[in-house]
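Letters A, B, ... are given to chains in the order of the sequence lines, protein chains preceding strands, and every chain is numbered from 1.
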Number of protein chains: 2
Amino acid sequence: MERAGGNDPSAGGEEPELLSDQIRNVLTDEIASGALPPGMGLDEQELANRFGASRTPVREALRQLAVTGLVEIRPRRGVIVTQTTPERIMEMFEMSAEIEAMCVRIATYRITPIERGRLIEMHDASEALVQRSDIDGYDKFNREFHEVIYGATHNAFMAEQALTIRNRLKAFRRTQLRHGSRLARSREEHEAILNAIAQGEGDEASRRMRAHMLNAASAIGRYIATQTRKDV
Amino acid sequence: MERAGGNDPSAGGEEPELLSDQIRNVLTDEIASGALPPGMGLDEQELANRFGASRTPVREALRQLAVTGLVEIRPRRGVIVTQTTPERIMEMFEMSAEIEAMCVRIATYRITPIERGRLIEMHDASEALVQRSDIDGYDKFNREFHEVIYGATHNAFMAEQALTIRNRLKAFRRTQLRHGSRLARSREEHEAILNAIAQGEGDEASRRMRAHMLNAASAIGRYIATQTRKDV
DNA sequence: ATTGGCAATTTTGTATACGATATTGACTTT
DNA sequence: AAAGTCAATATCGTATACAAAATTGCCAAT
């Protein structure tokens, strides 16, 4: 999606940060983090006051979030944080798993030695994180690991889409790797994937990636099943 | 993307059509159809005059289109229709092919007899369209055919995403099936896919779908390669 | 003739204003 | 007492107003 869902203040061009963009980014984070829970109504004037701005940039931000699906706009009835049912969350996780599987399959056939080297290097370094049970550190590594794979598809559009979907799931992945055991398992799965890549077995890498993603998702799924029951 | 890129005036709820939504839909179509060519600047006041509205709803529409990637906003420097390079178009086609392949694979394992019956029925009816060389008719059938497959994944989120990507490629698929021969070939490929589905061979259906999509894309690719060279 | 800088103009980004629709609460009626 | 109706209020959608930044055109200087 271009620089869309974009928290992308990089891109050398040195573009000015518009108020509406800042507001959009803050709201994105707050929704993803759960600070603004699903179903909560978002009053334009109220948000405007909070940000010290007028309704105009707030409105623009909300409209953009609606395209992403983060909020829902009912004409003349206000904006609410999208209520995501457990079923839909599971659908999103499945989609995410399939996308990752797709990416790794293509990446297997196109990855360069340099990229593969970087993956292996990152993977090696991750062992220390597991032993330290450094959850936040592993989380960061994990994200980068998957992003390198996106890049190795050498299809920028695909990489963007994959990242967009992954980001969209961030809100629900929050509670994910909170067990050290999952950390170690995750790393083993990464290794299995890397082996398949090294042997040029795209389909096998794809299957292992799908399993990897669904393993991660199932833990969350059990949590969500109990957690979101309240507002369904 | 929810009801995002959404020309979706259905959804029983009977929501009022906002000016900003109407403008967004019109602009979407005009960009997709090429009436607003890539690189063209979009002046807010000018558009407002054209639609007999003020700048406010026009701005909201443009901001939403930017999220989709149809237009590009350079802060304080105006809005232009996104310049899509031939490379990127090919990337989008590849992504589309992979998504379709992914969907049909999952659909193979989950499709209901009723859904399969509908696919076969549509496929049978399409023979007449081929013989008549009814390109527009076949185009419509083709879209529905693929949408039924999306639905058969029984993953609404996946179906939405697939449709969003497909719609986004509409602009570049315009010149596609302009040869009767491609029409017949397309139908044969559909049949091969249906056979794989019938036998429960998800991976095979997936491969055939990928080939089907890439066949369609390659014809366009050759066209685009010559056509878009002007503005690169 | 070309390039550099400056002023005028245009256009964007944000703020404010206004009309219309939905929501809320009280009151009446059964 | 419960339900329906109507008025008051609040909030949304759009229009207009204003300030800041970028583009454009002109003039001068090399």
Q: Nearest whole angstrom, please: distance from the C1' of D/dA15 to the CG of B/Leu18.
A: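 Spelled out: CG on B/Leu18 to C1' on D/dA15 is 15 Å.
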Q: So does B/Arg24 get a backbone contact from the side chain of B/Thr28, meaning a donor-acceptor N/O pair under 3.5 Å?
A: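 Judged by distance alone, yes, a pair lies under 3.5 Å.
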Q: So, using side chain to side chain donor-acceptor pair (under 3.5 Å) as the criterion, who are the partners of A/Arg63 when residues are at least two apart?
A: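 With neighbours one apart ignored, the set is empty.
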Q: Quick check on DNA chain C: between A/Arg76 and B/Asp43, whose nearest nucleotide comes earlier from the 5' end?
A: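 Final value for this comparison: B/Asp43.
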Q: Send over the distance from B/Arg74 CZ to D/dA21 C1', rounded to a whole Å.
A: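 Atom-to-atom, B/Arg74 to D/dA21, this comes out as 14 Å.
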Q: Working to the nearest 0.5 angstrom, can you tell me the gap between A/Phe51 CZ and A/Gln22 CD?
A: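 Output value for this atom pair is 9.5 Å.
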Q: Measure the distance from CD on B/Glu44 to P on D/dT14 and round it to the nearest whole Å.
A: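 Answer to the nearest Å: 15 Å.
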Q: To the nearest 0.5 Å, how far apart are CD1 in B/Ile80 and OG1 in B/Thr82?
A: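 OG1 of B/Thr82 is found 7.0 Å from CD1 of B/Ile80.
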Q: Using only side-chain N and O atoms of B/Arg77, determine if any of them is under 4.0 Å from OP1 or OP2 of D/dT23.
A: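 Answer is yes, contact under 4.0 Å.
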Q: Partners of A/Leu214 by side-chain contact (heavy atoms from CB on, under 4.5 Å), sequence neighbours excluded?
A: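 Counting only residues at least two positions away or on another chain, A/Leu214 forms a side-chain contact (heavy atoms from CB on, under 4.5 Å) with A/Ala97, A/Arg210.
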Q: Should the heavy atoms of other residues, nucleotides or ligands under 6.0 Å from CZ of A/Arg166 be counted, would the total exceed 12?
A: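 Check passes, neighbour count above 12.
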Q: Please name all residues satisfying side-chain contact (heavy atoms from CB on, under 4.5 Å) with B/Glu30, sequence neighbours left out, ordered by chain then number.
A: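 Checked B/Glu30 against side-chain contact (heavy atoms from CB on, under 4.5 Å); matches are B/Val26, B/Leu27, B/Ala35, B/Leu36, B/Arg50.
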Q: Using the test side-chain contact (heavy atoms from CB on, under 4.5 Å), find all partners of B/Gln45 that sit at least two apart in sequence or belong to another chain.
A: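 Residues passing side-chain contact (heavy atoms from CB on, under 4.5 Å) with B/Gln45: B/Asp43, B/Ala48, B/Asn49, B/Arg55.
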Q: Nearest whole angstrom, please: distance from the C1' of D/dT14 to the CZ of B/Arg24.
A: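 Interatomic distance, CZ of B/Arg24 to C1' of D/dT14: 17 Å.
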Q: Residues of residues 51-64 of chain B with any non-hydrogen atom less than 4.0 angstrom from an atom of DNA chain C: list those, numerically ordered, please.
A: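 Heavy-atom contacts with DNA chain C come from B/Arg55, B/Arg59, B/Arg63.
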Q: Taking the side chain of B/Ser20 as its heavy atoms from C-beta onward, which of D/dA21, D/dT23, D/dT14 lies nearest to it?
A: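 For B/Ser20, the side-chain atoms sit closest to D/dT14.
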Q: Do A/Tyr150 and A/Glu160 get their side chains close enough for a donor-acceptor pair, meaning under 3.5 Å?
A: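 Side-chain D/A pair, A/Tyr150 to A/Glu160: absent.
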Q: Need two values: the first and the last nucleotide of DNA chain C, 5' to 3', having an atom under 4.0 Å from any heavy-atom of chain B.
A: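 The protein-touched segment is C/dT11 to C/dT14.
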Q: A/Ile80 CD1 to D/dT11 P: how many Å, rounded?
A: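 Atom CD1 in A/Ile80 sits about 16 Å away from atom P in D/dT11.
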